[in-house]
Colleague: 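My questions all concern the structure below.
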Amino acid sequence: MAHTKQEIVDALATVQSTDNKSNLVEAGHIKNVQIFGDEVVVDAISLSPALHIKKKLEVSILKAIHEEVNQKLKIKINLEVPEVAQKEANMIRGAELKGVKNIIAVASGKGGVGKSTVSANLAVSLVEKGFKVGLVDADIYGPSQPTMFDVPNVKPGSITIDGVNKMEPVESYGVKLLSIGFFAGADQAVVWRGPMASKALNQLIRDAHWGELDFMIIDLPPGTGDIHLSTVQAVPITGAVIVSTPQAVALADARKGVGMFKVENINVPVLGMIENMAHFTPAELPDNKYYIFGKDGVKHLSQELNVPFLGEIPLVQSIRESGDVGRPATLQVNTPVSKAFDEITKRMVEELVKRNDTMPPTEVTRITTMAGCSAAKENA
């Protein structure tokens, strides 16, 4: 008995496609069906290059045709993986972190440019705007966030969730915080090789109960090494922020920092660049600006790299003092410093909204609270 192409197509309509949303026919994943007597050739698409997924699809196709059409048919299946799907499979991506909507990595390339100070103040500024925020101190070898949040001697608690013991982050100024600094003594150096440091970072992120967060800020160490790769492997980073001073030697490393996130297999959107220590203004001469490290270096680099410029932070003694005593400078009301961090945070959220609006909904989580971010609220 001869069989028609439509009979085969109807049978394939009972097979789930590898996008897990529809069947092979509705998804458009059947490229061709040919019948030669008792032999059927099916050309189909798999959105995954993984061998076990492709094998499962082949078995499902065989079973559907045999059960729905004819058990005696000889079936040949040719599976094709689209180039785009192949590239996506090669991407370095971590599994979703339950309850965390947006994860922002703060990087610098070069040490000593104030990245950790900026991370702490961004986190507190987001809290002031009504967001739920967590901060991971990923600088395993030089953790500074416990000091900046005035909790150097506090230890994370333990909580049982669904029968599993997890770390409970320390909370300060409304920010949930975890750092290797909570587990190492003040005089204890962390002398670990890359794999051990990466494992510790993964535990800080995944073995903790973060609850529901609008933002998780990850304060990365300087450079572009193991910790950075471990971070993008541990969690799906929503976007990155690059911090630099305007001097040429710092900009050279900031350029590499941007380049790292643009590597094809990483491909994390850079939300913007921040110029720290942009200028010095003495308290007794409020109208004077001294460009100690150069002028507008980050602004010019951001234009060259086609990356948003989020703003500049002045070189002010109170920022250093605030970090030393554990009270982030953005908490100073109506000062040039607090206003600078407020504007930078708004710009960052606005860029995040733009980024999420230009990517497929399945790959992003939208921000639902825009308190204090009027421009971003209009784009939400």
Colleague: Could you grab the distance from atom OG of Ser172 to atom CG of Leu135, nearest 0.5 Å is fine?
Modeller: 10.5 Å
Colleague: Check the orientation of Phe215 and Phe131. Use parallel for under 30°, tilted for 30 to 60°, and perpendicular for over 60°.
Modeller: perpendicular
Colleague: So how far is it from Glu58 CD to Ser46 OG, rounded to the nearest 0.5 Å?
Modeller: 9.0 Å
Colleague: Just wondering, do Val113 and Asp253 contact through their side chains at under 4.5 Å, heavy atoms?
Modeller: no
Colleague: Regarding Arg347 and Glu351, does a basic nitrogen lie under 4.0 Å from an acidic carboxylate oxygen?
Modeller: yes
Colleague: My understanding is that only residues two or more places apart in sequence, or in another chain, count here; which of them pass salt bridge (Lys or Arg N to Asp or Glu O under 4.0 Å) with Lys176?
Modeller: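 Once residues adjacent in sequence are excluded, Lys176 has no partner under the salt bridge (Lys or Arg N to Asp or Glu O under 4.0 Å) criterion.
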Colleague: State whether a side-chain donor-acceptor pair under 3.5 Å links Thr147 with Ser144.
Modeller: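 No pair is found: no donor N or O on one side chain lies under 3.5 Å from an acceptor on the other.
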Colleague: Extract all donor-acceptor atom pairs below 3.5 Å that involve side chains of residues 325-333 and protein atoms in other chains or at least two apart in sequence.
Modeller:
from: Gln332; atom 1: NE2; to: Ser322; atom 2: OG; distance (Å): 2.8

Colleague: In terms of heavy-atom contacts, does CG of Asn288 have more than 12 from other residues, nucleotides or ligands at under 6.0 Å?
Modeller: yes
Colleague: For the atom pair NZ (Lys295) and NE2 (His300), what is the distance rounded to the nearest 0.5 Å?
Modeller: 8.5 Å
Colleague: Please report the shortest heavy-atom distance between Ser116 and Asp219, naming the atom on each side.
Modeller: OG-OD2, 2.7 Å
Colleague: Counting only heavy atoms from other residues, nucleotides and ligands, does the tally under 6.0 Å from NZ of Lys56 exceed 12?
Modeller: no
Colleague: Between CD1 of Ile274 and CG of Asn121, what distance do you get to the nearest 0.5 Å?
Modeller: 10.0 Å
Colleague: Anything under 3.5 Å between a donor and an acceptor, one on a side chain of residues 157-167, the other on a protein residue two or more places apart or in another chain? List them.
Modeller:
from: Thr160; atom 1: OG1; to: Asn165; atom 2: OD1; distance (Å): 2.8
from: Lys166; atom 1: NZ; to: Arg206; atom 2: O; distance (Å): 3.3

Colleague: Would you kindly say whether Thr245 and Gln247 are connected by a side-chain donor-acceptor distance under 3.5 Å?
Modeller: yes
Colleague: Apart from Val41 itself, which Ile, Leu, Val, Met, Phe, Trp or Tyr residues share its cluster (side-chain heavy atoms under 4.5 Å, direct or through members)?
Modeller: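 Its cluster mates, by chain and number, are Phe36.
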Colleague: Minimum heavy-atom separation for Ser48 and Ile53, please, with both atom names.
Modeller: OG-CD1, 3.4 Å
Colleague: Within this structure, what is the CD1-CG distance for the pair Ile8 and Asn70, rounded to the nearest 0.5 Å?
Modeller: 8.5 Å
Colleague: Can you confirm whether Arg255 sits close enough to Leu301 that some side-chain heavy atom of one is under 4.5 Å from a side-chain heavy atom of the other?
Modeller: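 Yes - at least one pair of side-chain heavy atoms lies under 4.5 Å apart.
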Colleague: Are Val15 and Ile45 connected in the hydrophobic side-chain network, where two residues link if heavy atoms are under 4.5 Å apart?
Modeller: no
Colleague: Indicate, with yes or no, if Leu251 and Tyr291 share a hydrophobic cluster defined by side-chain heavy-atom contacts under 4.5 Å among Ile, Leu, Val, Met, Phe, Trp and Tyr.
Modeller: no
Colleague: Check Gly297 against Glu275 and note the closest heavy-atom contact, atom names and distance.
Modeller: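 The answer is N-OE1, 3.2 Å.
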Colleague: Assigning hydrophobic clusters by single linkage (Ile, Leu, Val, Met, Phe, Trp, Tyr; side-chain heavy-atom cutoff under 4.5 Å), is Ile30 placed with Val69?
Modeller: yes
Colleague: With heavy-atom distances below 4.5 Å as the criterion, would you say the side chains of Phe261 and Leu271 are in contact?
Modeller: no
Colleague: Using a strict 4.0 Å threshold on nitrogen-to-oxygen distance, state whether Glu312 and Lys299 make a salt bridge.
Modeller: no
Colleague: Who else is in Phe280's hydrophobic cluster (ILVMFWY, side-chain heavy atoms under 4.5 Å, direct or via others)?
Modeller: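 Answer for Phe280: Met277, Leu285, Tyr290, Ile292, Phe293, Leu315.
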Colleague: What pair of heavy atoms forms the shortest contact from Ile103 to Pro236, and how long is it?
Modeller: CD1-O, 3.8 Å
Colleague: Of all heavy-atom pairs between Leu310 and Gly272, which one has the smallest distance, and what is that distance?
Modeller: CG-CA, 3.7 Å
Colleague: Apply side chain to side chain contact (heavy atoms under 4.5 Å, CB included) to Ile242 and Val307, showing your working.
Modeller: CA-CA 10 Å; Ile242 307 296; Val307 170; over 6 Å; no
Colleague: Determine, stepwise, if the pair Ser119 / Gln145 fulfils side chain to side chain contact (heavy atoms under 4.5 Å, CB included).
Modeller: CA-CA 9 Å; Ser119 297; Gln145 296 300 347; 3.9 Å; yes
Colleague: Which is it for Leu57 and Leu24 under the side chain to side chain contact (heavy atoms under 4.5 Å, CB included) test, yes or no, and what are the steps along the way?
Modeller: CA-CA 10 Å; Leu57 180 59; Leu24 286 175; 4.0 Å; yes
Colleague: I'd like to know if the side chain of Ser125 and the backbone of Thr345 have a donor-acceptor N/O pair within less than 3.5 Å.
Modeller: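 Not at all, since once roles are kept as given, no pair shorter than 3.5 Å links the two residues.
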Colleague: Identify every side-chain donor-acceptor pair in residues 74-82 under 3.5 Å, counting partners at least two apart or on other chains, and give the distances.
Modeller:
from: Asn78; atom 1: ND2; to: Asp43; atom 2: OD1; distance (Å): 2.8
from: Glu80; atom 1: OE1; to: Lys31; atom 2: NZ; distance (Å): 2.7

Colleague: Can you find a pair of side-chain heavy atoms, one from Ile65 and one from Val42, that are under 4.5 Å apart?
Modeller: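 The answer is yes, as the side chains (C-beta and beyond) meet within the 4.5 Å cut-off.
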Colleague: Please walk me through it: do Val25 and Val9 pass side chain to side chain contact (heavy atoms under 4.5 Å, CB included)?
Modeller: CA-CA 7 Å; Val25 178; Val9 171; 4.0 Å; yes
Colleague: When hydrophobic residues are tied together by side-chain contacts of less than 4.5 Å, even through go-betweens, does Val154 share a cluster with Val127?
Modeller: yes
Colleague: Does the side chain of Leu12 reach to within under 4.5 Å of the side chain of Val33, using non-hydrogen atoms?
Modeller: yes
Colleague: Give a yes or no on whether Gln6 atom CD has more than 12 heavy-atom contacts from other residues, nucleotides or ligands under 6.0 Å away.
Modeller: yes
Colleague: Keeping Asn102 on the side-chain end and Thr238 on the backbone end, is there a donor-acceptor pair under 3.5 Å?
Modeller: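 No, Asn102 side chain to Thr238 backbone: no donor-acceptor pair under 3.5 Å.
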Colleague: For the pair Asp214 and Lys101, evaluate salt bridge (charged side-chain N to carboxylate O under 4.0 Å, His left out) and give the outcome as yes or no after the intermediate values.
Modeller: CA-CA 5 Å; Asp214 296 304; Lys101 295 180 180 178; 3.5 Å; yes
Colleague: Could you tell me if the side chain of Lys129 sits less than 4.5 Å from the side chain of Val349, heavy atoms only?
Modeller: no
Colleague: When you measure from the side chain of Lys115 to the backbone of Pro221, do you find a donor-acceptor pair of N or O atoms at a distance under 3.5 Å?
Modeller: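 Judged by distance alone, no pair lies under 3.5 Å.
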Colleague: Give a yes or no on whether the backbone of Leu73 and the side-chain of His66 come within a donor-acceptor separation of less than 3.5 Å.
Modeller: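 Between the backbone of Leu73 and the side chain of His66 there is a qualifying donor-acceptor contact (under 3.5 Å).
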Colleague: Are any non-hydrogen side-chain atoms of Trp210 and Val136 less than 4.5 angstrom apart?
Modeller: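 Trp210 vs Val136: side chains touch.
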Colleague: Which value, rounded to the nearest 0.5 Å, describes the distance between Lys5 atom NZ and Asp10 atom CG?
Modeller: 12.0 Å
Colleague: For Val151 versus Phe182, what's the shortest heavy-atom pair and its separation?
Modeller: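 In terms of heavy atoms, the two residues are closest at O-CE2, 3.3 Å.
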Colleague: Find out whether Leu177 and Pro169 are in side-chain contact, i.e. whether some heavy atom of one side chain is under 4.5 Å from a heavy atom of the other.
Modeller: no
